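On a predicted model such as this, the values are computed, not experimentally measured, just so you know. Hydrogens, waters and symmetry mates play no part in the numbers below; they use all other heavy atoms, side chains included.
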Amino acid sequence: MSEAFGDEDREIDHAEHCLEKRVYYKVISEKVASHPERLQYIYFNTVLLLRAVSRLGPYLAAFDYCSTGTHEDDQTTLDKINKVVNIAHNVGKFDETVLFRGQNANVLKEEFKAHFRNVSRIMDCVGCDKCRLWGKVQTTGLATALKILFELDEKALDPYSNSNLLQRSEVVALVNTLQRFTESLEAVNNFRYMWSTMSTEDSEDLITKSEQVTTAKQAEARSVSKSETCFSRLIPAFHAAVVHHRLKAFLHF
């Protein structure tokens, strides 16, 4: 799992935070981090989600997905889920066993839960209904993944002895969140291909325009009054650095 952390990141964070807190920060910072941090966090969260799906494989195989009651729908859904689980088995290489092993493990777990609830409350302030919905779904999906990895042992994951382990909303959120992250990685690959086919002149022009947009957003973010408490006022500059620092302060671990 350590490969998911960059060398520079390890040098900075080891002195201030334990591994568990750095993992938490990477999980919740994907939406507000700047490039290239955001891309690194997308990869990190995807691996984490895939590992959770891998552990949950037997439970997902036995889960009742369809409300129609038709055998064809049930089998189609199950076939697709099994494909996802097989992929997760092969590439979900997150090692959860290195976390929460110290004497204060239970305290850190409770802090994880409390701070994820803070994230959910922040989403309540988002003015855009669609943004708020997907923010809630992805927060629930990541929380479900962490629950699978750090709270449940193999006995608890047994679908026959613990068939009501997860709510339907948690399973839906987990699968949809994994889909969103994998779509982001597909977009990254597409952009890389597009970049590789551009001329030097066009690529330099694109960099210049991107820097201009970033500078404008940062200036807009700095103009927002520090007395503002509702997160919805910060949405136009959501990816600017000032929002990143505000969220860190609000969720300070």
Quick one: closest heavy-atom pair of [X] and [Y], and the distance?
{"X": "Lys147", "Y": "Leu166", "answer": "NZ-CD2, 3.9 Å"}
{"X": "Pro159", "Y": "Pro58", "answer": "CG-O, 3.6 Å"}
{"X": "Gly135", "Y": "Thr139", "answer": "O-OG1, 2.7 Å"}
{"X": "Asn176", "Y": "Val172", "answer": "ND2-O, 2.8 Å"}
{"X": "Leu78", "Y": "Ala61", "answer": "CD1-O, 3.3 Å"}

Would you find a donor on one side and an acceptor on the other, under 3.5 Å apart, between the side chain of [X] and the backbone of [Y]?
{"X": "Arg55", "Y": "Ile148", "answer": "yes"}
{"X": "Asn90", "Y": "Asn86", "answer": "yes"}
{"X": "Tyr59", "Y": "Ser163", "answer": "yes"}
{"X": "Thr214", "Y": "Ser210", "answer": "yes"}
{"X": "Asn162", "Y": "Ala156", "answer": "yes"}

Starting at [atom1] of [X], measure out to [atom2] of [Y] and round the result to the nearest 0.5 Å.
{"X": "Ile87", "Y": "Ser54", "atom1": "CD1", "atom2": "OG", "result": "12.0 Å"}
{"X": "Leu133", "Y": "Gln138", "atom1": "CG", "atom2": "CD", "result": "9.5 Å"}
{"X": "Asn82", "Y": "Thr77", "atom1": "CG", "atom2": "OG1", "result": "11.0 Å"}
{"X": "Leu165", "Y": "Leu56", "atom1": "CG", "atom2": "CG", "result": "7.0 Å"}
{"X": "Gln179", "Y": "Ser184", "atom1": "CD", "atom2": "OG", "result": "10.5 Å"}
{"X": "Leu48", "Y": "Thr177", "atom1": "CG", "atom2": "OG1", "result": "11.0 Å"}

* Asked: Taking only residues two or more places apart in sequence or in another chain, which ones pass ring-ring contact (aromatic ring centres under 6.0 Å, His included) with Tyr43?
  -> none

* To do: Would you check, one step at a time, whether the test side-chain contact (heavy atoms from CB on, under 4.5 Å) holds for Leu49 with Leu142?
  => CA-CA 7 Å; Leu49 288 162; Leu142 288 168; 4.1 Å; yes

Would you tabulate the side-chain donor-acceptor contacts of residues 198-205 under 3.5 Å, counting partners in other chains and residues two or more places apart, or write 'none'?
{"unit_1": "Ser199", "atom_1": "OG", "unit_2": "Asp202", "atom_2": "N", "d": "3.2"}
{"unit_1": "Ser199", "atom_1": "OG", "unit_2": "Asp202", "atom_2": "OD2", "d": "3.2"}
{"unit_1": "Ser203", "atom_1": "OG", "unit_2": "Ser199", "atom_2": "O", "d": "3.2"}
{"unit_1": "Ser203", "atom_1": "OG", "unit_2": "Thr200", "atom_2": "O", "d": "2.8"}
{"unit_1": "Asp205", "atom_1": "OD2", "unit_2": "Lys209", "atom_2": "NZ", "d": "3.3"}

* Could you go through the side-chain contact (heavy atoms from CB on, under 4.5 Å) check for Val171 and Leu60 one step at a time? => CA-CA 8 Å; Val171 175; Leu60 293 174; 4.0 Å; yes

* To do: Determine, stepwise, if the pair Thr182 / Leu178 fulfils side-chain contact (heavy atoms from CB on, under 4.5 Å).
  => CA-CA 6 Å; Thr182 54; Leu178 176 58; 4.0 Å; yes

If Ile, Leu, Val, Met, Phe, Trp and Tyr residues are connected whenever their side-chain heavy atoms lie under 4.5 Å apart, and connections chain through other members, are [X] and [Y] in the same group?
{"X": "Val137", "Y": "Leu50", "value": "no"}
{"X": "Val47", "Y": "Val84", "value": "yes"}
{"X": "Val188", "Y": "Trp195", "value": "no"}
{"X": "Leu185", "Y": "Val53", "value": "yes"}

* Asked: Which pairs, with at least one residue in residues 177-200 and sequence neighbours excluded, count as a salt bridge (charged side-chain N to carboxylate O under 4.0 Å, His left out)?
  -> none

* Verify side-chain contact (heavy atoms from CB on, under 4.5 Å) between Leu174 and Glu170, making sure each step is shown before the conclusion. => CA-CA 6 Å; Leu174 177 66; Glu170 291 178 303; over 6 Å; no

* Asked: So, are Arg132 and Asp129 salt-bridged, with charged N and O less than 4.0 Å apart?
  -> yes

